[in-house]
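Single-structure report; data block below.
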Amino acid sequence: MQFPPGHIHIAVKPAAIVAFTILIAGGLWINWPRRSLAQGPGMSVIETPLTTPWRPKDRNAKYSGPQACVKCHQEESMHQRATAMGRALEPVATSEILRAHPRLTFRTGPYAYEVVRRGDQSFYTVSDGKDTISEPILYTFGQGKAGQTYLFRHNGAFYESHLSFYRETGALDFTIGYPRDVPRSLDEAAGRAISIDEARHCFSCHGTGAAFGNQLELDRLIPGVTCEACHGPGVDHIAAMEARKFQNKRIFNPGDMGADELAQEFCGSCHRSAEQVSSNKLLRGLISVRFQPYRIFTSRSHDPDDIRMACIACHNPHENPVQDQSFYDAKCLACHHSGESLKSTARAKAETEQGQTSKACPVAQRLCVSCHMPKVEFPGSHFKFTDHRIRIAKTGEAFPN
């Protein structure tokens with residue numbers, strides 16, 4: 001079937017077809033407002049590139065699933081599947097947070113909320129005392145490092161939950177980006193209907209294999225950011241390796257990208273690039289602390305062509321970020337002179353020859369990020385984000401944007 005330009009084809013299980021038919025009939029298919037009331041403006045005002053080397057538009061592209069990667073890439077696969085990215089999206093049946101919290105409650109104004117576990121399902125319920133909306137949660141987004149938001153279907157549309165779970169409090173609270181005012185209606189209290197394009201973006205960045213081009217097929221979804229989310233479909237690669245065709249491995253390797261392309265086009269396609277943020281005023285201000293590629297791009301000494309400033313210089317994408325701040329000292333000293341260079345001309349010369357050309361810190365020689373990449377809490381997030389805008393941070397200063 002041919003679809004007119006601008007339309008989005010969704011292929012889902014038969015039980016969901018009626019729901020999406022209602023969605024189309026309801027006029028939500030096109031001209032969706034660009035301003036989000038939730039998770040945004042950061043979530044809905046950004047468009048994921050429709051086609052990339054790691055996310056092809058060909059619906060016939062064949063994904064093998066993460067278990068197929070283990071045979072040759074055992075160490076990377078073992079670590080990656082357990083990371084926050086590897087578990088960025090889960091069906092409700094396997095959600096550890098919902099299983100560990102069988103009943104969560106919250107109240108604002110006349111609205112009473114419950115998230116209740118029943119077997120392998122969790123139900124999201126809100127009532128104003130007269131009427132009630134209760135829907136089974138379909139997917140959980142986020143594994144609770146900061147929080148976890150829920151996706152359910154209501155009146156034929158996907159809805160993002162008005163409330164999210166936050167690890168710091170162990171309880172429900174408003175989803176990031178929602179106004180903390182009492183909702184104006186029961187529907188608004190339940191959450192926010194999201195467009196098909198926004199749904200594609202969500203599943204593209206939190207899952208694997210369901211989005212291609214401007215289409216979304218949830219029957220093809222592999223939950224979480226798996227190997228193939230970053231390297232592309234793997235079936236052809238496996239066939240090439242088994243045939244010993246090593247000259248054309250039929251797989252995408254982000255490590256072959258240049259520093260700026262890697263940070264801004266690859267990681268930035270989901271974590272928000274400098275271009276995406278600077279071109280949209282809704283993404284600026286304190287909320288931008290969540291967008292690491294943009295923040296590091298605005299660092300005064302940032303060199304877009306220096307691989308030492310790329311995301312993978314500090315972060316192994318197959319593992320969770322290291323929490324020990326001292327781990328990053330060596331990363332800083334890859335560019336900066338050491339404190340010893342201030343005392344020894346010979347040491348300074350040797351470091352310069354090794355590429356350490358940036359100034360030495362005269363204040364301290366360890367725990368660099370504790371001063372130069374401060375933790376910043378976005379209101380309502382119950383979480384402190386590491387600000388990737390490298391600078392000399394001063395107590396009481398305004399958030400640099």
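In the model, T352 has a side-chain atom that pairs as donor or acceptor with a side-chain atom of H337 under 3.5 Å. Between the side chains of D324 and S326, at least one donor-acceptor pair of N or O atoms lies under 3.5 Å. Side-chain atoms of Q143 and E90 form a donor-acceptor pair, as typed in the model, at a separation below 3.5 Å. S338 and E351 form a side-chain donor-acceptor contact under 3.5 Å, judged by distance and modelled atom types alone.
Counting heavy atoms from C-beta on, the side chains of Y111 and L186 come closer than 4.5 Å. Put simply, the side chain of F158 reaches to within 4.5 Å of the side chain of L138, judged on heavy atoms. Side chains of N214 and D197 form no contact here, defined as non-hydrogen atoms less than 4.5 Å apart. Looking at heavy atoms from C-beta onward, V115 lies in side-chain contact with I137 at the 4.5 angstrom threshold. Contact check for R167 versus F383: no side-chain heavy atoms found under the 4.5 Å cut-off. Two residues are said to be in side-chain contact when any heavy atoms from C-beta on lie closer than 4.5 Å; H315 and P317 fail this criterion. F385 is not listed as a side-chain neighbour of L286, based on a closest heavy-atom distance of 4.5 Å or more. The shortest side-chain heavy-atom distance between T140 and I97 does not fall under the 4.5 Å cut-off.
Between the E135 side chain and the F152 main chain, no donor and acceptor come within less than 3.5 Å of each other. Within the 3.5 Å criterion, the main-chain N or O of K359 finds a donor-acceptor partner in the side chain of H336. At least one donor-acceptor pair closer than 3.5 Å links the side chain of Q80 to the backbone N or O of V225. Judged purely by atom type and a 3.5 angstrom limit, Y328 uses its side chain to pair as donor or acceptor with the backbone of V322. In this structure a side-chain-to-backbone donor-acceptor pair under 3.5 Å is present from S273 to Q276. At distances below 3.5 Å, not a single donor-acceptor pair connects side-chain atoms of R347 with backbone N or O atoms of G339. Of the possible donor and acceptor atoms, one in the side chain of R284 sits under 3.5 Å from a partner among the backbone N and O of S278. T208 contributes a side-chain N or O that, together with a main-chain N or O of G224, makes up a donor-acceptor pair within less than 3.5 Å. When atom types are taken as modelled, the side chain of S164 and the backbone of G147 share no donor-acceptor pair closer than 3.5 angstrom. Side-chain atoms of R220 come within 3.5 Å of backbone atoms of R59 as a donor-acceptor pair (strictly under, hydrogens ignored).
Heavy atoms only, all atoms of each residue included: F252 and C230 are closest at CD2-O, 3.4 Å. In plain terms, the two heavy atoms of A240 and R250 that are nearest each other are CB-CG, 3.9 Å. In terms of heavy atoms, I287 sits closest to L283 at CG2-O, 3.5 Å. Shown here for W54 and S269, the closest heavy-atom pair between the two residues is CZ2-OG, 3.9 Å. When all heavy atoms of A157 and A193 are compared, the pair lying nearest together is CB-CB, 4.2 Å. The two residues K245 and M241 make their nearest non-hydrogen contact at O-CE, 3.7 Å.
One distance of note links CG of L333 with SG of C368; it measures 6.0 Å at 0.5 Å rounding. To the nearest 0.5 Å, atom NE2 of residue H271 and atom NE2 of residue H388 are 10.0 Å apart. Between the SG atom of C270 and the CZ atom of F291 there is a distance of 12.0 Å, given to the nearest 0.5 Å. Interatomic distance, L367 CG to H372 NE2, rounded to the nearest 0.5 Å: 11.0 Å. In this structure, CG in D306 is found 9.5 Å from OG in S301, a value given to the nearest 0.5 Å. Put simply, NE2 on H231 and OG1 on T226 are 9.5 Å apart, with the number rounded to the nearest 0.5 Å.
For F203, the ring pair (Phe, Tyr, Trp, His ring centres under 6.0 Å) partners at least two apart in sequence or on another chain are Y139, F141. Annotation: ring pair (Phe, Tyr, Trp, His ring centres under 6.0 Å) contacts of H154 (sequence neighbours excluded): Y159.
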*For side-chain contact (heavy atoms from CB on, under 4.5 Å), just list the numbers for L163 and F174, CA-CA rounded to whole Å, side-chain angles, deciding distance to a tenth of an Å, and then say yes or no.*
CA-CA 4 Å; L163 301 183; F174 290 104; 4.3 Å; yes
*Show your reasoning for whether side-chain contact (heavy atoms from CB on, under 4.5 Å) applies to D187 and I133.*
CA-CA 8 Å; D187 263 15; I133 292 175; 3.2 Å; yes
*Mind running side-chain contact (heavy atoms from CB on, under 4.5 Å) on I238 and E242 for me, showing each step along the way?*
CA-CA 6 Å; I238 293 172; E242 290 177 344; 3.7 Å; yes
*Step by step, work out the side-chain contact (heavy atoms from CB on, under 4.5 Å) result for R192 and E198.*
CA-CA 12 Å; R192 178 180 64 90; E198 186 177 349; 2.7 Å; yes
Under 3.5 Å, which donor-acceptor pairs do the side chains of residues 64-76 form with other protein atoms, sequence neighbours left out?
unit_1, atom_1, unit_2, atom_2, d
S64, OG, E228, OE2, 3.2
Q67, NE2, S64, O, 3.0

N/O donor-acceptor pairs under 3.5 Å from side chains in residues 257-264, not counting sequence neighbours:
unit_1, atom_1, unit_2, atom_2, d
Q264, OE1, A274, N, 2.7
Q264, NE2, P293, O, 2.9

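Within the structure, every pair that satisfies the side chain to side chain donor-acceptor pair (under 3.5 Å) test and touches residues 120-129, not counting sequence neighbours, is listed here: R117-S122, T125-S134, S127-T132. Among residue pairs with one or both ends in residues 379-396, those qualifying as salt bridge (charged side-chain N to carboxylate O under 4.0 Å, His left out) are R295-D387, D387-R391, R391-E397; sequence neighbours excluded.
Counting heavy atoms of neighbouring residues, nucleotides and ligands inside a 6.0 Å radius, atom CZ of R366 does not exceed 12 of them. Counting non-hydrogen atoms of neighbouring residues, nucleotides and ligands closer than 6.0 angstrom, the CD atom of E319 exceeds 12 such neighbours.
Remark: R118 is positioned above the aromatic ring of F123, its terminal NZ or CZ atom under 6.0 angstrom from the ring centre and at most 45 degrees off the axis.
We find that R103 and E114 are joined by a salt bridge, their nearest charged nitrogen and carboxylate oxygen being less than 4.0 Å apart.
In this pair, H162 and Y113 present their aromatic rings tilted. The plane angle is within the 30 to 60° band.
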